[in-house]
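Here is the structure we will look at.
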Amino acid sequence: MVTRMSQLFLRTLREDPADAEVPSHRLLLRAGYIRRTAPGIYTWLPLGKKILENVASIVREEMDRIGSQEVLFPALIPREIYEASGRWADYGDTLFRLHDRKDADYLLAPTHEELFTLLVKGEYSSYKDFPLSLYQIQTKYRDEARPRAGLLRCREFVMKDSYSFDLDDAGLQASYDAHRVAYQRIFERLGLDYRIAFAVSGAMGGSASEEFLAPAEQGEDTFVQCTSCDYTANTEAVEIAVPPKQDPSGHPEQRVLDTPDTPTIDSLVTKLNSMQELVDENGRPFVGADTLKNVVLKTRRPGSATWDLLVIGVPGDRDVDLKRLAGQLEPVGVAQADAADLAAEPRLVKGYIGPQLLAEIGVRYLVDPTVVPGSAWITGANETDKHAAFVTRGRDFEPAGEIGAVEIRDGDRCARCGSALEIARGIEIGHIFQLGRKFADTFDLDAQGPDGESIRITMGSYGVGVSRAVSAIAEQTLDSSGLCWPASVAPYDVHLVPVGKGDEQLNAAAALATELEAAGHRVLLDDRNATAGEKFADADLLGMPTIVVVGKALADGEVEVKDRRSGERRNVALDAVVGELAALPR
RNA sequence: CGGGAUGUAGCGCAGCUUGGUAGCGCACCUCGUUCGGGACGAGGGGGUCGUGGGUUCAAAUCCCGCCAUCCCGACCA
């Protein structure tokens, strides 16, 4: 059926809604695709629903293609299932919790690892049943502290989540690789510009993990990409090039310096450069990067009430990126040590902390990889108003390990090829990772092997933000006059706009609509009694890939075919339109 | 959770300083004129002014409390 706009449940807005800041959000509202129902909760109107279904269909086709099978779990699940995995407590306020009439606890599921694992455990028990991959496209609930940007960060959203079940690590790797390929196909078909970035696995545990990011100004994720090779990583997972190792014996003996009133790196560098003898010995003036800054943090194991001190050593011209650290330390919690924490360890002298002492007093010390073995530093002497020079790693101190801690800067060097890295923002549209045996261990998910022995199953977990992808596509494709959908997801292929005072153009357009539909196009016909300007503006706003204007040129037996994205228009004979449009991508 | 802002018709806003029967634009309905880039005229419908209390003869307006929403930050498979 040709959709007639006079009948379509649609109202476009001439003005921007006051509470929409992000372009995709603004236009999806203005063009009548979605309406807000509550913070982070949206209603899909007919045009929006079509887009959502189109995206879901593409996801479904590609999941089916790799042999994954679709199921559908309830969103409303009892507490016990989440209690078993510990997430009833771990998830905290993000979980929507509710009670039934008997006062039993329920939750609206934010994700479904537990249910998939339990389902497979209940059905399968032989090694012959594996490998297995299941998926669902379903509504998820997370009570986000701050929903924002329309569909980008919602409290209710549609997600495709899938899980692979394998007998061994090689099988998991194969399942992971299959998903990776499926995701590449999905995002290509969706018309998205995307990157695959190394990621840290986060609270879910597990090892290998990659994020699919759609570069966009409005994105919430920061990632790093190499300007030369294809290295791309989430800022939490990025590795940067480090200087070569040095020979610890190549440095002068460490010595204590009198550096009164130099609690900051800047004040210290100024003081050092006033000490001419030392500058001469160093061969050049000192800079912040010659100093070793030791930042006091504290860590806490999950479930533990007590914090342990942790000192991180970074070059003095760099700050510690707490978020990056937190990503790597998870599930261990990390925070800046406060005055009370420092007071509990008087041997740490604020502003003058050096690593020489830390091992001795039992404080864990980690350094950023840029503090390479054998490197020498100006650092605190653990005494007020004193620093130490030529303090050398591997000679004067030995850290317990390395951890990527420095805040990443534009222009840092790629660990793979040495070229400059650049920082960009993106929308996380997909995430794949090797979950391993975490949930299988929780629920004792085993298969019986050919020799009768139990085999612990290993899992992968994979997600695509379906509703989020809609806004990511909008964000990447919109222009100053409206939305601009790729043909693969557009609600209609052709938007027919009759313009003229009589019925002549409308009748011709209606006839053309029927023909186009018979030829397999999805057609939207603007049969409203509206002015030309209004119809044109709405056609641009709604963003169908092809706009066909039936107007003045009809007198010459022609219509105007406009490509929404390029803006290119050309006149085409009425009887040639169907043939012309047959060549367009769907 | 911290900071900032805002709540008046479906949407965008004015009115509040200085208390006195609720206003504009868009959208919507009727009639007429218009008809290739968000037309024009005339007439109309639609609002417990976020909420509870207080002051007052009288509160959208002044005072106190609460709630909600948006933005920034913290947080966030």
Side-chain angles (χ1 to χ4, degrees), chain A residues 10-22 25-26 29-30 32 35-41 85 87 90-95 109-114 140-150 152-155 157 159-163 199-206 209 211 220-221 234 236 322-323 326-327 330-331 333-336 428 430-433 435 438-439 460-465 468 481-482 497-506 526 528-541 547 549-555 559-560 562 567 569 571:
Chain A
L10 171 73
R11 189 109 301 152
T12 59
L13 306 176
R14 192 171 299 204
E15 284 165 304
D16 286 333
D19 53 6
E21 298 279 331
V22 173
H25 184 202
R26 223 170 49 221
L29 285 169
R30 270 193 60 202
R35 288 289 180 258
R36 197 193 77 113
T37 301
I41 302 179
S85 63
R87 294 208 289 188
D90 290 351
Y91 241 99
D93 290 339
T94 305
L95 206 56
T111 170
H112 278 79
E113 281 82 0
E114 287 85 351
K140 306 289 186 201
Y141 297 86
R142 290 182 198 174
D143 192 0
E144 295 285 350
R146 188 154 95 82
R148 62 173 291 271
L152 278 186
R153 179 158 223 84
C154 281
R155 296 198 294 167
F157 57 97
M159 180 164 113
K160 185 286 297 177
D161 54 329
S162 52
Y163 303 86
V200 292
S201 42
M204 305 298 304
S209 170
E211 283 177 5
E220 296 189 294
D221 286 20
N234 189 297
E236 289 168 23
L322 255 187
K323 199 171 174 181
E330 233 173 0
V334 62
Q336 197 103 40
E428 182 185 349
H431 195 163
I432 54 178
F433 64 96
L435 194 54
K438 174 174 171 170
F439 284 90
S461 167
Y462 319 89
V464 171
R468 184 183 275 179
S481 42
V497 181
V499 171
K501 34 184 156 183
D503 283 343
E504 197 186 339
Q505 283 85 358
L506 178 58
D526 191 350
R528 298 174 302 171
N529 181 23
T531 60
E534 197 174 346
K535 291 184 181 178
F536 290 144
D538 274 345
D540 287 343
L541 178 62
I547 298 167
V549 181
V550 182
K552 281 188 302 206
L554 186 64
V559 298
E560 181 182 293
K562 174 181 172 182
R569 316 175 198 189
N571 280 6

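Keep in mind that what you see is a predicted model, and the values were worked out from it rather than measured.
Between the CD atom of Glu15(A) and the C1' atom of G10(B) there is a distance of 12 Å, rounded to whole Å. C75(B) atom C1' lies 14 Å from atom CG of Asp221(A), rounded to whole Å. Rounded to whole Å, the distance from CD on Glu220(A) to P on C75(B) is 13 Å.
For the pair Gly430(A) and Ala145(A), nearest-nucleotide mapping onto RNA chain B gives the more 5' position to Ala145(A).
Spacing of C1' atoms, G19(B) relative to U56(B), comes out at 9 Å, to the nearest Å. Separating the P atom of C64(B) from that of U55(B) is a span of 15 Å, rounded to the nearest Å. Going from the C1' atom of G50(B) to that of C67(B) covers 7 Å, rounded to whole Å. Here the separation of G47(B) from G38(B), taken at their P atoms, is 33 Å to the nearest Å. Between U61(B) and A9(B), the distance separating the two P atoms is 15 Å to the nearest Å. Nucleotides C16(B) and C63(B) place their C1' atoms 14 Å apart, quoted to the nearest Å. Of the C1' atoms belonging to G45(B) and C31(B), the separation is 16 Å, rounded to the nearest Å. Nucleotides U8(B) and A68(B) have their C1' atoms positioned 15 Å apart, rounded to a whole Å.
Across all strands shown, nothing is found opposite C75(B) as a Watson-Crick or G-U wobble partner with both distances under 3.5 Å. Figure legend. C70(B) is base-paired to G4(B); pairs are counted as Watson-Crick or G-U wobble with both atom distances under 3.5 Å. With a 3.5 Å ceiling on both atom-pair distances, A27(B) lacks any Watson-Crick or G-U wobble partner. Of the nucleotides present, none pairs with C49(B) by Watson-Crick or G-U wobble criteria with both distances under 3.5 Å. A9(B) is unpaired under the Watson-Crick or G-U wobble criterion, no partner having all donor-acceptor distances under 3.5 Å. With a 3.5 Å ceiling on both atom-pair distances, C16(B) lacks any Watson-Crick or G-U wobble partner. When both pairing distances are held under 3.5 Å, A60(B) makes no Watson-Crick or G-U pair with any nucleotide shown. Base pairing annotation: U33(B) forms a Watson-Crick or G-U wobble pair with A39(B), both donor-acceptor distances under 3.5 Å.
A salt bridge links Arg148(A) to Glu220(A): one of the charged nitrogens lies within less than 4.0 Å of a carboxylate oxygen.
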* Heavy-atom protein contacts under 4.0 Å, nucleotides 34-41 of chain B, coded B base, S sugar-phosphate only, - none -> -BBBBB--
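Of all heavy-atom pairs spanning Glu211(A) and Ala199(A), the tightest one is CG-CB, 3.7 Å.
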Quick test: give all pairs of protein nitrogen or oxygen and nucleotides 68-72 of chain B nitrogen or oxygen below 3.5 Å, distance rounded to 0.1 Å.
from   : atom 1 : to        : atom 2 : distance (Å)
U69(B) : O3'    : Arg36(A)  : NH1    : 3.3
C72(B) : OP2    : Arg146(A) : NH1    : 3.1
C72(B) : OP2    : Arg146(A) : NH2    : 2.9

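For the atom pair NZ (Lys140(A)) and NZ (Lys160(A)), the distance works out to 10.0 Å, reported to the nearest 0.5 Å. Distance check, rounded to the nearest 0.5 Å: NE2 of His25(A) to CG of Asp16(A) gives 11.0 Å.
Using modelled atom types, one finds no donor on one side chain facing an acceptor on the other under 3.5 Å when comparing Asp143(A) with Tyr141(A).
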